[in-house]
Novice: 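Provided herewith is a single structure, encoded as structure tokens, for subsequent inquiry.
Chain naming here is simple, since letters A, B, ... match the order of the sequence lines and numbering starts at 1 in each.
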Amino acid sequence: MIAVAALFAVSLPDNPTFADNLQFQITGLMVVVFSLGSLALLVALVGKLFAAFGSKPSPATAPAPTTPAPGPGEAIPAPVFAAIAAAVSTALGDSRFAIRGVQTVDPRSNMSWGAEGRRAIYASRKLR
Amino acid sequence: MLLDILHDFGAFFQLTAFSAVTWQMVVMWGVCALLFYLGIHKKFEPLLLVPIAFGALLANLPTQGVITTAMAPDGHLESGILTLKMHAEAGAIRLDHIGGGLYDFISQGIKLEIFPPLIFLGVGALTDFGPLIANPRTLLLGAAAQLGVLITFLGANALGFTAKQAASIGIIGGADGPTAIFLTSKLAPELLGAVAVAAYTYMALVPLIQPPIMRALTTKNERRIRMRSMRQVSRTEKLVFALLVTITVILLVPAAAPLIAMLMLGNVLRECGVTERLLKASQNEIINVVTIFLGTSVGITMAGENFLRPQTLMIIGLGVIAFGFGTAGGVVAAKFLNLFSRMNPINPLIGSAGVSAVPMAARVSQVEGQKADPANFLLMHAMGPNVAGVIGTAVIAGYYIATLAK
């Protein structure tokens, strides 16, 4: 309500001096800080209420399922695992990850032609 | 016979628009080329700069049926003249004809202040306020980053701009394009083109403007601060937040209602979970269509006679100051808050994200944080002040409208 009162009280003269302008801007800053500060308090209060009444988090942020992740050769093909490992290694910027070897893949897999091509390329190079 | 052909050709040439080309138009073609270069090649906010550049090109061609212009009493070229023809008939007024070019009608979306709130609808539908709700202190960083707006107002006023113009220039520091356009179209429409171009260009330059200021105001130890993991926020809590912001801000600053109401309407559509079609329309079709019309309508105000003035250079210069002080305000506020919360400190680098420029400014916080500590991830923490900055800029715009738009 202070902010509302300030809005009614504030008016800039037609030919404002620097002091008028400064006062006008300080009031503006107070309005913003008061408005967002009030919101911060309200949001914190609502957060505590939700915590007290044990509201469940949204499905998007629900904890991971307890079933074990699929291993290589099950749901995620090995080349995809290799690509993920390489991406993690690049993102973290260290050498804790290395490709130990590349196996031939199940010819029934629809990724077999691409995987075979990659296998041939890897096989022609010295692996770390 | 040959003379007749030449005569006819000469007569046809009189019908073309070459004779209407002025030197200002030619100079503005160069400005348009620069804007196209920045938007397309440098990818500076291309979704806005490309339509703005095209609109500016149209404004500087002797078009017919696109925009009507006339000289205003103060000498500047005023665009968007609608002519109405009507007559009284049996006690009623009958409208016979509405005259005007294509953009006389489309640009009513800016003049009637419709486009910026519609953009906010899309922004609200795209924004996750979860990080802000999980760490409500960051709302104060969004407030502190408005320092750039206020200081630039003082600078612009000292340079001879009127209070309304100074407010429109200062709002560039909010780094929020729709709000800048909303406020400028209300307070100083003659500066709309320059303010919009400065706002969107500097938003794209955030990765260049902010880091030196952030590094200058923080120590290496401060930049290494690792913030606590944020708690999970339920959908219900997000919904309550949207309604809470709507009610609180509209009660405190009613003049900010069009922006805040649409921002939070979009967010309610996002979080309620039962309006999938409306949410998708807000996130895609509505915001995309409005962006095209908003950009071109802003560009079409950039007629050479209006844009090629010393004022424009001053606005562009003041824009940098606005961004700089906004960044500094957020960083210093974070350091100030740390005096009171030593057990749960804030990395001051996320304070700079309070200038809005979503999500570019948050990304800058993340990048600068990782330079000091490669395993520190500040992005989600920085999203809190980043979206708080959107609310803060809308509030300060509301303050200026309430006090200056008389």
Novice: To the nearest 0.5 Å, how far apart are CZ in B/F340 and CD1 in B/I346?
Specialist: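 Atom-to-atom, B/F340:CZ and B/I346:CD1 are 11.5 Å apart.
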Novice: Any heavy-atom pair between the side chains of B/C272 and B/L239 that's under 4.5 Å?
Specialist: yes
Novice: Could you tell me if the side chain of B/R137 sits less than 4.5 Å from the side chain of B/S341, heavy atoms only?
Specialist: yes
Novice: With a 3.5 Å distance limit and no angle check, can you tell me whether B/N386 reaches the backbone of B/G354 through a side-chain donor-acceptor pair?
Specialist: no
Novice: Between B/F120 and B/F182, is the ring centroid distance below 6.0 Å?
Specialist: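 That pair fails the under 6.0 Å test.
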Novice: Between A/L22 and chain B, which part of the residue has a heavy atom less than 4.5 Å away: side chain, backbone, both or neither?
Specialist: both
Novice: Is any side-chain heavy atom of B/V358 less than 4.5 Å from a side-chain heavy atom of B/V123?
Specialist: no
Novice: Who wins among B/I396, B/T162, B/N135 for the most heavy-atom pairs under 4.5 Å with chain A?
Specialist: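 Of B/I396, B/T162, B/N135, B/I396 has the most heavy-atom pairs under 4.5 Å with chain A.
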Novice: Examine whether an atom of B/V245 lies under 4.5 Å from a heavy atom of chain A, and if so say whether it belongs to the side chain, the backbone or both; otherwise answer neither.
Specialist: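 Interface part for B/V245: both.
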Novice: Hey, is the main chain of B/A362 close enough, under 3.5 Å, to the side chain of B/Q366 for a donor-acceptor pair?
Specialist: no
Novice: Using a 4.5 angstrom heavy-atom cutoff, name the option from A/V33, A/L39, A/V46 with the most pairs to chain B.
Specialist: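 Highest number of pairs under 4.5 Å: A/L39.
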Novice: Between B/L140, B/L244, B/I391, which residue shows the highest count of heavy-atom pairs closer than 4.5 Å to chain A?
Specialist: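 The candidate making the most pairs under 4.5 Å is B/L244.
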Novice: Looking only at heavy atoms, which of residues 256-271 of chain B get nearer than 4.5 Å to chain A?
Specialist: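 The residues closer than 4.5 Å to chain A amount to none at all.
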Novice: Between B/L404 and chain A, with a heavy-atom cut-off of 4.5 Å, which part of the residue counts as in contact: side chain, backbone, both or neither?
Specialist: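 Only the side chain of B/L404 comes within 4.5 Å of chain A.
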Novice: Less than 4.5 Å apart, any side-chain heavy atom of B/Y400 and any of B/V149?
Specialist: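 In short, these two side chains touch, coming nearer than 4.5 Å.
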Novice: Below 4.5 Å, heavy-atom pairs only: which of B/V395, B/L154, B/V240 has the largest tally toward chain A?
Specialist: B/L154
Novice: Answer yes or no: is there a side-chain heavy-atom contact under 4.5 Å between B/M230 and B/M383?
Specialist: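 They are not in contact (no side-chain heavy atoms under 4.5 Å apart), so the answer is no.
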